[in-house]
Amino acid sequence: MAITTRITDSEEHVHSTFGSRYVRDPLPRFKMPEKSIPKDAAYQIINDELMLDGNPRLNLASFVTTWMEPECEKLIMASINKNYVDMDEYPVTTELQNRCVNMIAHLFNAPVGENESAVGVGTVGSSEAIMLAGLAFKRKWQQRRRAEGKPCDKPNIVTGANVQVCWEKFARYFEVELKEVKLQEGYYVMDPRKAVEMVDENTICVAAILGSTLTGEFEDVKLLNELLMQKNAQTGWDTPIHVDAASGGFIAPFLTPELEWDFRLPLVKSINVSGHKYGLVYAGVGWVIWRTKDDLPDDLVFHINYLGADQPTFTLNFSKGSSQIIAQYYQFIRLGFEEFLRL
Ligand SMILES: Cc1ncc(COP(=O)(O)O)c(C=O)c1O
């Protein structure tokens, strides 16, 4: 994002680190140059400037995957010019995304019948996935409240104060009050008891984190589910749970399969996971999976047909690249359960 700052004279042009005939006349920094330059000049200038960036392979705090096999990089480059949304033109890419959604849904124990396919979508990352899941909860809650003849203008969401910034974004962008359970010394995740105490009739969902951004710790989703079931039974509310498994979604199914945090728990209605974290893909892919079709309100799904046949979409952006989806599929079939467990 660019924000307004004062530009001093010395910052008006691009400063080149290396001497070259290409940079004898410096390029304006913030205005499009009047004249074109040869392609090798453009390459050299940008490549030289980028040498001052850090090296991703040495960045241990990148939050994302920084190395993939050359075979996968070949697939990425071969599909870099495919717009994912053009599903008619690229039906195989769409099929690969659907396979990924189903593989992840099975990994998370979604109740998918023998001849059914799972409900979910590939996103740019967990943040977009969380926006979509949050919108589905907000819409479901509004529909229920309207049907009961009750006001639906003050939705809230209960989370721990340790949530990642994307939850604050969701709350602010989509006008939902964020009710955060405070952390205590020595206990740096959401306490399910306190979270359930904070739930009221306007709560669209409680969001639990599997893999807190601060410490990596898993929150106790099973206890949260039990306490919330009791509260729902007492009050007649129907407050659901979302699990933000951005990091833990590709850890827990392999390392702690006995841990119940996913769709085995009845109140868990949606789960997000970042493909670019432990899904082992370069930055730009996340996933959101819904428990069943009924958990995703129909009126949030757009059916567009101007690129061909009917295309259902539920994403924030229309166009996006296909490479990351293909790369995710590569990792699933290349590594299988066996290697995801080992890595
Ligand atoms: C728990 C949690 N949720 C959401 C996110 C946002 O994920 P993304 O970068 O995939 O949008 C992160 C990122 O670190 C995270 O740790």
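First listed ligand is number 1; within each ligand, the first listed atom is number 1.
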Open item on the list: As an exercise, identify every atom of ligand 1 less than 4.0 angstrom from a heavy atom of F63.
Closed with: 14 (O)
Task: Close approach of G286 to ligand 1, heavy atoms, under 4.0 angstrom - done: no
Open item on the list: Residue-level breakdown please: for S126 versus ligand 1, do any non-hydrogen atoms fall below 4.0 Å on the side chain, on the backbone, on both, or on neither?
Closed with: both
TODO: Any atoms of ligand 1 less than 4.0 Å from a non-hydrogen atom of G211? List them with their elements.
DONE: 1 (C)
Task: I209 neighbourhood, listing ligand 1 atoms whose heavy-atom distance to it stays under 4.0 Å - done: 1 (C)
Open item on the list: Against ligand 1, does H276 come closer than 4.0 Å with any heavy atom?
Closed with: yes
- [ ] Could you tell me whether some N/O pair between N272 and ligand 1 is separated by less than 3.5 angstrom?
- [x] no
Open item on the list: Using a plain distance cutoff, I'd like to know if S247 has any nitrogen or oxygen under 3.5 Å from a nitrogen or oxygen of ligand 1.
Closed with: no
TODO: Have a look at ligand 1 and work out which part of C166, if any, has a heavy atom under 4.0 Å from it: side chain, backbone, both or neither.
DONE: side chain
Task: Top protein contact for atom 5 (C) of ligand 1, by heavy-atom distance - done: Q164 CD, 3.5 Å
TODO: For atom 13 (C) of ligand 1, grab the closest protein heavy atom and report residue, atom and distance to one decimal in Å.
DONE: K277 NZ, 2.9 Å
Task: Atoms in ligand 1 flagged as close to D244, the criterion being non-hydrogen separation under 4.0 Å - done: 1 (C), 2 (C), 3 (N), 4 (C)
